[in-house]
Protein chains: 2
Amino acid sequence: MKKITINSVASYAGVSKKTVSRVLNNEPNVSDVTREKVLKAFKELDYTPNPIARGLARNRSFIIACLYDNPSKSYITRLQSGALAACHQHGFNLLIHPCELRGQALLDNIEQLLQTSRLDGLVLTPPFSDHGELVAFLRQKKVPFARVASVKLDDDSISVRSNDEQGAFEITELLIKLGHKDIAFIKGHPDHSATEQRFNGYRRALAQHGIEYQERLVEEGNFSYHSGADSAETILHLNPRPTAVFASNDYMAAAVLKAATQMNLKVPDDIAIAGFDNAPIARHIWPGLTTIAQPVEEMTRLAVEHLIEQINQGDNGDEEQQKEPLQITLEAKLICRESTAAPKS
Amino acid sequence: MKKITINSVASYAGVSKKTVSRVLNNEPNVSDVTREKVLKAFKELDYTPNPIARGLARNRSFIIACLYDNPSKSYITRLQSGALAACHQHGFNLLIHPCELRGQALLDNIEQLLQTSRLDGLVLTPPFSDHGELVAFLRQKKVPFARVASVKLDDDSISVRSNDEQGAFEITELLIKLGHKDIAFIKGHPDHSATEQRFNGYRRALAQHGIEYQERLVEEGNFSYHSGADSAETILHLNPRPTAVFASNDYMAAAVLKAATQMNLKVPDDIAIAGFDNAPIARHIWPGLTTIAQPVEEMTRLAVEHLIEQINQGDNGDEEQQKEPLQITLEAKLICRESTAAPKS
DNA sequence: CAACATTATGACACCGGTGTCAGATGAGGA
DNA sequence: TCCTCATCTGACACCGGTGTCATAATGTTG
């Protein structure tokens, strides 16, 4: 089995390389007759262009990388799956780049990534979406990028997010309407902008319903199960104990649930628990967690979709066509399960 | 900032392209003086070779793909992380390729993947590790591949696994030693070879301890939480009810735990539960699941490591150096948590 | 010192595509 | 009929590396 190159096709169809290339790229100025001949040759020879050669000639790699550092495996795989969907649709491939670094080491690492793989673009996911230095660095290097779940919408880059603040508001409001007044809150990782957003939603709901904000009810977490367990330890021993806990994600909520169960507290009767993200664990435990579902795949898919668009347009002439800011906010959805109910007394 | 190519370096160092290339690839026949000059030029110009051009010239892409279809997100990310570690160490990049297809559609899909990305090699993870047609297809196409967690060790390909049969044996034996005799078993997905292995371990433990195998205690699952819930429904309503349930993975075990809790059964007192894989959920729920931990990252890392070795050697002459079969089995480890104890009565 | 082996280096073609530009072809207008 | 212009097409250089081979420089042997 010998390799089929553009030359084979050209001689088979009786035209020049360049004409084959024209057909390949849907360029204008090819007569219908010629086009048909070439397309026929494609079929009969079962030709597939070599993306590497094409990449060399066009100075493109058709590769996008997805940068992440997130404790939630389900979140990561959902990100990946959305990114892949968009990539495949446009003939791109996806490189995954988990990265725990921060500061200068992060920039060095990314620089190396850029150098060694000649990426066409980068998808930033939390907590990198709002990493100021990194964003500035990429801008300076003129590397196209898109941000998923970022908050700072004050510029012209591509950004797709869901409404964390609103989600947190709704879940807090739900608890309030059930009759809870002492609602503990566990914050997420300070690097993630969602952390602030969710906290803001919590406070807005309290304020709007005339409930006083109590600092004693707020714990610092970092989105990991472990941090949730630590926070739970503190919260569940408060006196008086809050009647509800809203954790900034489901892993931390699951940790609260486990701790409460170990203390023989009934959930939701003795203490109501709510999470965020609708991770698989939210429905794998008993009682299932009331939480907020975000369209993670869709967010990433859209981000990559627009990123590829930008890459492709930057490609053909016109230098800096300066699209208008492209910022999309999708809705998050409240999901009620068994972990929330009215307080017992 | 202009691009630094091999030509810039060559003229800067006052040598030819080819000599630069020689230094780049650590080829022999370069005098120390020349080598130093070139290395100095690398440093001063901050040169990084273009992997795409190199790929074109050598007909290599420096890309490996990881093929998977697994319901467990944590398993997937662990696979990825092991594969990435090995890839990065050798200057390769990793493409992820989740794939739900089977039969001819699967082969077509892989063929397309090969065509469009010009992979250098493929890592097969369950359930593809033991997919006969796929393996035959890859062999015929002479695409290097390595298998993770495969069972059929009857040939010369690279394969890294852990001892599922032994793990299942140990966990069953643990239950038996605690005093359980009626131990239910939930099978995994029939496509995964681990399914058979774990079942074999279960039966061997029963046999070895003189406990009669009861078909009524065995349910068909598919490794998903949902299938575990279905099986649990059946098992927990058996009469007489078994005193222990061993599910082929942690998700199904978690489903059993949830179902049992909903039925007001105490775990482990009324019913003991064991899982397999040591997924995060095993320690995120209460009571924590007794389970088997496998070195998933390490398995994949080793597989990729050897795959790259094979790719690199196939590269330089000598055609078909026919290494001896490379098959590695790592140990799995029993982890005891709170979900197992002696039967109550 | 001639004859030869070995090492070091560069010229040049090549990998498989794309960009540039000049020339061929055919339609429409004077 | 001749000229102009728009549409097609191919020759050729180029992307940034690697492989092949010839040749120059050096070392080894009889």
Side-chain angles (χ1 to χ4, degrees), chain A residues 2-39 41-42 45-62 91 115-118 120 312 315-319, chain B residues 2-39 41-42 45-62 91 115-118 120 312 315-319:
Chain A
K2 66 173 181 298
K3 270 184 301 190
I4 306 295
T5 75
I6 196 168
N7 292 298
S8 339
V9 178
S11 63
Y12 185 93
V15 299
S16 74
K17 269 169 83 162
K18 181 60 209 187
T19 301
V20 176
S21 167
R22 286 198 177 92
V23 175
L24 220 44
N25 295 288
N26 282 315
E27 287 177 27
N29 297 340
V30 179
S31 72
D32 288 348
V33 199
T34 312
R35 186 177 301 274
E36 284 310 317
K37 268 196 301 192
V38 175
L39 289 176
F42 284 173
L45 297 178
D46 196 19
Y47 169 71
T48 328
N50 182 331
I52 301 191
R54 188 188 285 213
L56 177 59
R58 291 222 232 152
N59 197 22
R60 304 261 256 92
S61 61
F62 300 96
Q115 290 282 336
T116 57
S117 47
R118 308 280 157 143
D120 288 340
N312 285 337
D315 206 39
N316 55 31
D318 289 354
E319 291 288 338
Chain B
K2 64 171 181 299
K3 271 183 301 189
I4 307 296
T5 74
I6 196 168
N7 292 298
S8 340
V9 178
S11 63
Y12 185 92
V15 298
S16 74
K17 267 169 87 161
K18 181 59 211 188
T19 301
V20 177
S21 166
R22 286 199 177 91
V23 175
L24 219 46
N25 296 288
N26 282 315
E27 287 176 27
N29 298 340
V30 178
S31 72
D32 288 348
V33 199
T34 312
R35 187 179 300 274
E36 284 311 316
K37 269 196 301 190
V38 175
L39 290 175
F42 284 172
L45 296 178
D46 196 19
Y47 168 71
T48 327
N50 182 330
I52 301 190
R54 186 188 286 215
L56 177 60
R58 290 224 231 150
N59 196 23
R60 305 260 257 94
S61 60
F62 299 97
Q115 290 282 335
T116 58
S117 46
R118 307 280 157 143
D120 287 340
N312 285 337
D315 207 37
N316 54 30
D318 289 353
E319 289 289 336

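Per chain, numbering begins at 1; letters A, B, ... match sequence-line order.
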Quick one: B:Asn50 CG to C:dG16 P, roughly how many Å, whole number? 17 Å
Below 3.5 Å is the cut-off: list the nitrogen or oxygen pairs between protein and nucleotides 26-28 of chain C, distance only.
none

Return the minimal non-hydrogen interatomic distance between A:Leu45 and A:Ile4, and the atom names on each side. O-CG1, 3.6 Å
B:Ser16 side chain: which of D:dG10, D:dT18, C:dG10 is closest? C:dG10
What's the CG-C1' distance between A:Asn29 and C:dT20, to the nearest Å? 14 Å
I need the minimum non-hydrogen distance between B:Phe42 and B:Leu24, along with the two atoms involved. CZ-CD1, 3.4 Å
Euclidean distance, atom CZ of residue B:Arg60 to atom C1' of D:dG17 [Å, nearest integer]: 14 Å
Specify the separation, in whole Å, of atom CZ of A:Arg58 and atom P of C:dG16. 18 Å
Closest heavy-atom contact between B:Arg22 and B:Asn29? CD-O, 4.2 Å
Out of curiosity, B:Ser11 OG to B:Lys17 NZ, how far, rounded to the nearest 0.5 Å? 12.0 Å
Of the options C:dT9, D:dT9, C:dA13, whose atoms approach the side-chain atoms of B:Lys17 most closely? C:dA13
Any base atoms under 4.0 Å from A:Pro28, or only sugar-phosphate, or nothing? Heavy atoms, all strands. nothing
Would you mind reading off the distance between A:Arg35 atom CZ and D:dC8 atom P, rounded to a whole angstrom? 9 Å
Do the side chain of A:Asp120 and the main chain of A:Ser61 share a donor and acceptor less than 3.5 angstrom apart? yes
Verify the contact: side-chain N or O of B:Ser31 to OP1 or OP2 of C:dT9, cut-off strictly under 4.0 Å; return yes or no. yes
Once you round it to whole Å, what is the distance between C1' of D:dG16 and CZ of A:Arg54? 18 Å
Give the minimum heavy-atom separation between A:Arg118 and B:Pro49, together with the two atoms involved. NH2-O, 3.6 Å
Do the non-hydrogen side-chain atoms of A:Ile6 and A:Ser21 ever get within less than 4.5 Å of each other? yes
Correct closest heavy-atom pair for A:Ala41 and A:Val9 would be CB-CG1, 3.9 Å
Taking only the side-chain nitrogens and oxygens of B:Tyr47, find out if one of them lies under 4.0 Å from OP1 or OP2 of D:dG16. no
Base, sugar-phosphate, or nothing: which does A:Val20 touch, judged by heavy atoms less than 4.0 Å apart? nothing
Starting at the 5' end of DNA chain C, which residue's closest nucleotide do you reach first, B:Thr19 or B:Ala57? B:Thr19
To check you understand the geometry: which heavy-atom pair defines the closest contact between A:Leu56 and B:Ala53, and what is its length? CD1-CB, 3.7 Å
For B:Gln115 and C:dG16, what is the distance between atoms CD and P respectively, to the nearest whole Å? 13 Å
Can you sort out which residues in residues 7-14 of chain A have a heavy atom within less than 4.0 Å of DNA chain C? Ascending by number, please. none
Just by modelled atom types, is the A:Ile52 backbone N or O under 3.5 Å from a matching donor or acceptor in the A:Asn50 side chain? yes
Round to the nearest Å and state the distance from B:Phe62 atom CZ to D:dT18 atom C1'. 11 Å
Picking from C:dG17, C:dC15, C:dC21, the nucleotide nearest the side-chain atoms of A:Ile6 would be C:dG17
Counting only side-chain N and O atoms of B:Thr5, is one of them less than 4.0 Å from OP1 or OP2 of D:dC15? no
Using a heavy-atom cut-off of under 4.0 Å over every strand shown, decide if B:Pro49 touches base, sugar-phosphate, or nothing. sugar-phosphate
Closest nucleotide of DNA chain C for B:Ala53 versus for B:Arg22: which of these residues is on the 5' side? B:Arg22
